[in-house]
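What follows is a set of notes on a single structure, which appears directly below.
Positions are given from 1 along the sequence.
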Amino acid sequence: MTGLRRVAAVSGLLVAAAVVVAQPQGNNPPVVQFKQFGTTPEQFQQSALSRWTGQLLLDLEHVKTDIGMARLSLPVRTAINAQIEKALRQTLELDQLIRRGGNRQQLFGAFAEVERAMTQLATTIHQNPAARAATAASLGRADTAYQQLAVALGSGDNDPARSQRRLLRLGDTLDDTTEELRQLVGELIGGTDRTLERTLGLYAREARLLSRRVRDQDDTVMIQRTYAAMGERWAQALGLLTRLRQLPAPIQTQAARIDGLHRRLGQMLNLPPYPPGVSPPPWGPVKSFAFAVGADRGAQPRVTVYADERGTVAYNFFAYDVKFDGGVRVDMADLNGDGIPELIVAPGPATTPVALPVQVYDGRDLNLLVEFVPFTNWKGGLFVAGTNLQRDGRAILAVNAEGTQHVKVFDLAQGKEIDSFFVHDPKVTGGVRIAWGDVNADGTPDLVTVNGPGNMPTVVKIFNGRNRDVLAEFPVIDNKYRGGAYVAADDLTGDGQANPVVGLDAGNPPIVRIFDLRGRVLAEWLAYDERFRGGVRVGVTANYQVVTAPGSGMKNSPVRIFNTGRLKDRPIEFVPFSGFDGGLYVGGK
């Protein structure tokens, strides 16, 4: 088995930057907005709201897990669990009401119950220091999801009482999340200079003051002045963060969360995030993501987005209704040109066939950007692949109807289909799997395909991104192998040409192969024990490492990260969904 090594000219790309900078460079196109198409505004609003109820449900489950592991007396544990169950129940009821198309007043009423349950839960936990310490991270994530839900639901709502409750809750959440960031800075960075920790402490103090003034219904001018003071402190904190190198991923993720909450507070108060005369840093700590994992059929439609290759979770949510059992396919690409990869999800085939849309989430905060149904009346599974925004301003995404040879290509900037074709003869069975990669180094991504198990040999077939000519076609194993495979693509050798990465489908050893354009095998290895026959799905992370996930049948379904430069090294391994032995899908950057 051989390894791959990126040349020195691009080795800098392998080092994670402390802060991801989203700015125009050279001839890069400006950030584009996606046009809404394929679903009605009402359907889009339902999806945008249920995206956050889905995350809140999972975050509350994590709070419950943390409480279960904490050293608490039985009465305290019982009281907190009762509050968690209440919050879960109220959130699920709101989620189902959203999906049934409840009217605005019904949603406000259901959300008020969620609000009360979340407030009671936070109060109960904060009364016990051990419980508060144990749930600091998980409860902070739940609070953030709750705030995102409140913003999405409350858009255009001018009711004074509801606005006051949202302001109060947002101030309390900023206090808690900033204190957690301060603790992370102390634990993970430390050092003799405590300026950043002190600045964060002052920001949290101002957030507490704002909450108190909102609660006491103080003069509006005093509340605005308090937010202005918060803006000064947060600008100082961002400046200190941007000057640090190699920030740990948990700090980056938490800082990005606070930055989003701080800006939403300003929107609610109709104020800029920084007061006049304060110069904000040129870029805030916007977080990039390494890869995503989706649970395969038979499980709830869970998606987890990872901040790095060590398994640091950035987001964890339900992409579709919790009752949907068809699984979720995932991919990541910077579709809008802001330097941050968007998350793309597509449904698998459910036990009860249903037509569900492809969805694209903003890489900055995972708010829903666009959703559409690519194949009219299609109720089967979908495979999806996106590529970074092109110099001509096209935001390209390809979709395949699972089990068929039919692929459609969409431009999200135009909001329309731009191509439709068959990879092989329609009579070929087994369908295809798809990926994008600039295989011929002409500056335009090419479509890389591999067929599933069926009635023809399993081959990699690559289509020119400029004119759809066939650039290459070669067997995955040999001309006798018809067992199917999965595919990803990226430049793993540093020569400017993307390399197809292939993992064999179920029924075969878990072999992964990396090819060049001529079909030569550059590297090959077993992703899992050679006796495993569930198949192996593949992706490439933001740092040009190959990520693999098993098909069904492996205990706890572990994800593995392989350094393509040193394949003999032990891979990084972690379990996205403990207790789930079904298959997973992976998608990188």
Can you establish whether the number of heavy atoms outside Arg77 located under 6.0 Å from its atom CZ is more than 12?
-> yes
Does Asn336 use its side chain to pair, donor to acceptor, with the backbone of Val32 at less than 3.5 Å?
-> no
Can you give each donor-acceptor pair under 3.5 Å made by side-chain atoms of residues 85-94, sequence neighbours left out, with the distance rounded to 0.1 Å?
| unit_1 | atom_1 | unit_2 | atom_2 | d |
| --- | --- | --- | --- | --- |
| Glu85 | OE2 | Lys64 | NZ | 2.3 |
| Lys86 | NZ | Gln120 | OE1 | 3.1 |
| Thr91 | OG1 | Ala87 | O | 2.7 |

Residues two or more places apart in sequence or in another chain: which of them pass salt bridge (Lys or Arg N to Asp or Glu O under 4.0 Å) with Arg243?
-> none
OG1 (Thr199) and CD (Gln236) are apart, to the nearest 0.5 Å, by 5.5 Å
Heavy-atom pair of closest approach, residues Asp66 and Ser138 | OD2-OG, 2.6 Å
Can you check whether Leu269 reaches Leu167 side chain to side chain, under 4.5 Å on heavy atoms?
-> yes
Does a salt bridge link Arg208 with Asp175, judged by any charged N lying under 4.0 Å from a carboxylate O?
-> yes
With no hydrogens and no angle check, do the side chains of Glu309 and Asn543 hold a donor and an acceptor under 3.5 Å apart?
-> yes
Can you list the steps and then say if Ile251 with Leu241 is a side-chain contact (heavy atoms from CB on, under 4.5 Å)?
-> CA-CA 9 Å; Ile251 290 178; Leu241 284 167; 4.1 Å; yes
Should Arg169 and Asp143 be marked as a salt bridge (charged side-chain N to carboxylate O under 4.0 Å, His left out) after you check the CA-CA gap, both sets of side-chain angles, and the distance that decides it?
-> CA-CA 9 Å; Arg169 186 70 180 172; Asp143 272 334; 2.6 Å; yes
Does Thr40 offer a backbone N or O that forms a donor-acceptor pair with the side chain of Gln43 under 3.5 Å?
-> yes
Results of ring pair (Phe, Tyr, Trp, His ring centres under 6.0 Å) for Tyr306 - residues two or more places apart only | Phe291, Phe574
With rounding to the nearest 0.5 Å, note down the distance linking CG in Asn556 to CZ in Phe580.
-> 10.5 Å
Give every residue pair that meets the side chain to side chain donor-acceptor pair (under 3.5 Å) criterion with at least one member in residues 52-61, sequence neighbours excluded.
-> Arg51-Gln55, Trp52-Asn367, Thr53-Asp95
Please find out if less than 6.0 Å separates the ring center of Phe317 from that of Tyr361.
-> yes
Look up atom CD1 in Ile80 and atom CG in Leu72, then write down how far apart they are to the nearest 0.5 Å.
-> 5.5 Å
Check whether any side-chain heavy atom of Met230 sits under 4.5 Å from a side-chain heavy atom of Leu174, and report yes or no.
-> yes
Ring pair (Phe, Tyr, Trp, His ring centres under 6.0 Å) involving Tyr203 - partner list, sequence neighbours excluded | Trp234, His262
Flag this pair as yes if the NZ/CZ of Arg302 is under 6.0 angstrom from the six-membered ring centre of Phe577 and inside a 45 degree cone about the axis; otherwise no.
-> no
Any donor-acceptor pair under 3.5 Å linking the side chain of Glu187 with the backbone of Val185?
-> no
Given side-chain contact (heavy atoms from CB on, under 4.5 Å), test Arg205 with Leu202 step by step and report yes or no.
-> CA-CA 5 Å; Arg205 187 182 68 180; Leu202 292 172; 3.6 Å; yes
Please confirm whether the backbone N or O of Ala299 pairs with a side-chain atom of Asp325, one donor and one acceptor, at under 3.5 Å?
-> no
Smallest separation among heavy atoms of Pro576 and Val293, with atom names | CG-CG1, 4.1 Å
Ring centroid separation Phe44 to Phe372 under 6.0 Å = no
Closest approach of Ile396 to Leu335 (non-hydrogen atoms, all atoms of both residues) | O-CD2, 3.3 Å
For Asp334, all residues meeting salt bridge (Lys or Arg N to Asp or Glu O under 4.0 Å), sequence neighbours excluded = none
Could you pull out the closest heavy-atom pair between Pro301 and Asp321, with the gap in Å?
-> CG-O, 3.2 Å
Any idea which heavy atoms bring Leu196 and Ala237 closest together, and the distance?
-> CD1-O, 3.9 Å
Shortest non-hydrogen contact between Glu371 and Pro357, atoms and distance | OE1-CG, 3.5 Å
Should the heavy atoms of other residues, nucleotides or ligands under 6.0 Å from CZ of Arg99 be counted, would the total exceed 12?
-> yes
Establish, from distance only, whether the side-chain atoms of Thr177 and Arg257 form a donor-acceptor pair under 3.5 Å.
-> no
Exceeds 12 heavy-atom contacts within 6.0 angstrom, atom CG of Asn270 = no
For the atom pair CG (Asp218) and CD (Gln224), what is the distance rounded to the nearest 0.5 Å?
-> 12.5 Å
Under the side-chain contact (heavy atoms from CB on, under 4.5 Å) rule, what do Gln96 and Val322 come out as? Steps first, then yes or no, please.
-> CA-CA 10 Å; Gln96 296 305 308; Val322 294; 4.3 Å; yes
Using a cut-off of 6.0 Å, state whether more than 12 heavy atoms not belonging to Arg310 lie near its atom CZ.
-> no
Do any N or O atoms from the side chain of Asp411 and from the backbone of Ala413 form a donor-acceptor pair under 3.5 angstrom?
-> yes
So, are Arg141 and Glu180 salt-bridged, with charged N and O less than 4.0 Å apart?
-> no
